[in-house]
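Presented below is the structure to which this report refers.
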Amino acid sequence: MGIPLNLLISYDQNLYELTNAMIKRSSQVALTGDEDIEKYNGKVVSTSIGQVLSKKVEFKRED
């Protein structure tokens with residue numbers, strides 16, 4: 001499975017927050033692993049992007 005480009009293109013909210021969520025999730029996946037990593041051919045960043053865009057992993061802004 002590749003990166004869901006259709007979800008990335010149609011994303012209409014704050015891209016800065018989205019990028020930060022993907023970076024944070026990538027760090028988490030790299031440290032702990034994830035069951036989806038095989039679906040994305042062992043690619044940590046692709047796994048993180050897919051999870052955040054498909055809302056399997058949700059994020060919120062902390063002030």
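The shown structure was predicted, so the numbers you read here are calculated from the model rather than taken from an experiment.
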Inset, instruction - Might you confirm whether atom NZ of Lys56 has over 12 heavy atoms from other residues, nucleotides or ligands at distances under 6.0 Å? - result: yes
Inset, instruction - With sequence neighbours left out, write down each residue that passes side chain to side chain donor-acceptor pair (under 3.5 Å) with Ser46, or none if nothing qualifies. - result: none
Inset, instruction - Quick one: list whatever passes side chain to side chain donor-acceptor pair (under 3.5 Å) with Ser48, sequence neighbours left out. - result: Ser26
Inset, instruction - Scan residues 38-49 for pairs that pass salt bridge (charged side-chain N to carboxylate O under 4.0 Å, His left out), counting only residues two or more places apart or in two chains. - result: none
Inset, instruction - Output all residues satisfying side chain to side chain contact (heavy atoms under 4.5 Å, CB included) with Ile9, sequence neighbours left out; order by chain, then residue number. - result: none
Validation: residues 27-34 side-chain donor-acceptor distances under 3.5 Å, sequence neighbours left out:
unit_1, atom_1, unit_2, atom_2, d
Ser27, OG, Ile23, O, 3.3
Gln28, OE1, Arg25, NH1, 3.1
Thr32, OG1, Gln28, O, 2.8
Asp34, OD1, Asp36, N, 2.8
Asp34, OD1, Gln51, NE2, 2.8
Asp34, OD2, Arg25, NH2, 2.7
Asp34, OD2, Gln51, NE2, 3.3

Inset, instruction - List, by chain and then residue number, the residues other than Tyr11 in its hydrophobic cluster (Ile/Leu/Val/Met/Phe/Trp/Tyr, side-chain heavy atoms under 4.5 Å); write none if there are no others. - result: Ile3, Leu5, Leu7, Leu8, Leu15, Leu18, Met22, Val45, Ile49, Val52, Leu53, Phe59
